[in-house]
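Structure record follows, encoded as structure tokens.
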Amino acid sequence: MCYILHMDTKELPETLIEAIRYFSDPDVCLKYAISLRWPNGVITCPQCGSDQVMFLANARLFKCRGNHSRQKFSVKVGTLMEDSPIGLDKWFAAMWMIANDKNGISSYEIARELGITQKSAWFLAHRIRLAMQTGTFQKLSGQVESDETYIGGKARNMHKWRKAREIKGRGTAGKAIVMGILERHGSKDTVSRVRAKVIHSTATPTIEKEIRAAVEPNSELFTDELSSYAGLDKEYTHNVINHMETYVKGNVHTNGIENFWSLLKRTIRGTYVSVEPFHLIRYVDEQSFRFNNRKDDNLARFNQVASSVSGKRITYKHLTGKDGLSSEPSA
Ligand SMILES: [Zn+2]
């Protein structure tokens with residue numbers, strides 16, 4: 001059996017500069033990637049599952065003793081990095097940037113910082129963001145707030161209720177709808193967490209589908225008067241906020257999700273000039289990740305992203321059902 005070497009615990013990085021320096025050593029990168037890919041320390045062949053594996057030190061590859069094709073494999077096989085020629089050092093640095101940059105980072109900035117092409121940077125960022133999305137599969141429960149906001153173009157400065165009247169159907173130029181569902185924190189040890197996504201309409205079928213997918217039945221639900229929520233009254237304890245009233249009645253409010261909207265909008269305004277719906281999805285995912293992990297330090301947030309990217313069985317194909325990229329590289 002081939003056992004991994006233990007990570008050095010000295011001088012773990014805390015800042016981006018330290019992270020880039022730390023991962024500039026190929027052996028450190030390899031050890032770290034191995035610890036994520038095979039957390040129990042036993043390296044197994046991705047083809048046959050055997051632990052009869054040799055390490056080819058010069059090539060930094062493994063070789064299975066089994067009699068089959070593709071005996072040699074790298075630590076990237078079976079992960080989101082599998083088909084990428086970009087080195088682990090650059091992958092880890094890009095993960096650090098995306099996990100920790102509060103204002104969002106473009107592929108141009110990643111390219112500049114790492115000395116790679118913008119196309120390569122876009123590829124890395126795209127995969128890393130996919131990995132970040134997978135961290136929020138667990139359903140929300142307890143006290144849950146739900147709300148929608150409109151972002152971009154003409155809708156930017158319009159009041160929500162005017163937008164709902166004036167912007168109907170899908171594909172209206174320059175606006176997008178984001179639905180956010182926030183679980184309030186329970187005990188002192190937990191933090192509130194959010195699931196947010198771009199939706200095409202606020203009609204009843206969409207709203208009901210999203211709530212059922214994200215929230216445990218019998219949870220307490222807090223929303224505004226949008227009628228699309230009315231049909232959920234039987235499955236949830238539904239509290240409706242009346243925005244016409246000027247004060248908050250006890251715990252009947254959506255202040256938690258409104259706080260998230262202001263963070264999201266600050267990111268979009270501060271860093272990006274125009275927001276196409278395609279880009280908006282990733283800002284929403286990134287902001288959700290950082291919000292849900294806001295009590296962690298940089299290293300902990302990085303570790304979470306890195307283990308999602310480098311962990312086994314999360315391949316690009318697996319996540320998307322596609323073999324290749326469907327979109328052209330952009331910022
Ligand atoms: Zn094998």
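One-based numbering, in listed order, for ligands and for the atoms of each. We use all heavy atoms of the structure for the numbers below, so side chains are in, but hydrogens, waters and symmetry mates are not.
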Item to check | Contacts of type side-chain hydrogen bond (donor to acceptor under 3.5 Å, both in side chains), residue N239, not counting sequence neighbours | outcome: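 Here the qualifying residues are E220.
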Checklist entry - Excluding sequence neighbours, so at least two apart, what forms salt bridge (Lys or Arg N to Asp or Glu O under 4.0 Å) with E208? => result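 Once residues adjacent in sequence are excluded, the partners of E208 under the salt bridge (Lys or Arg N to Asp or Glu O under 4.0 Å) criterion are R212.
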Item to check | salt bridge (Lys or Arg N to Asp or Glu O under 4.0 Å) against D27, all qualifying residues, sequence neighbours excluded | outcome: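 For D27, the residues satisfying salt bridge (Lys or Arg N to Asp or Glu O under 4.0 Å) (neighbours in sequence not counted) are R60.
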Checklist entry - Is the number of heavy atoms from other residues, nucleotides or ligands within 6.0 Å of CD (E14) greater than 12? => result no
Item to check | F62 ring center near W38 ring center (under 6.0 Å) | outcome: yes
Checklist entry - Ignoring water, what protein N, O or S atoms are under 2.8 Å from the Zn ion (ligand 1)? => result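 Under 2.8 Å from the Zn ion (ligand 1) - ignoring waters, which are not counted - the protein N, O or S atoms are C45 SG, C48 SG, C64 SG, H68 NE2.
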Item to check | Spacing of CH2 belonging to W96 relative to CZ belonging to F23, to within rounding of 0.5 Å | outcome: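 One gets 7.5 Å once the value is rounded to the nearest 0.5 Å.
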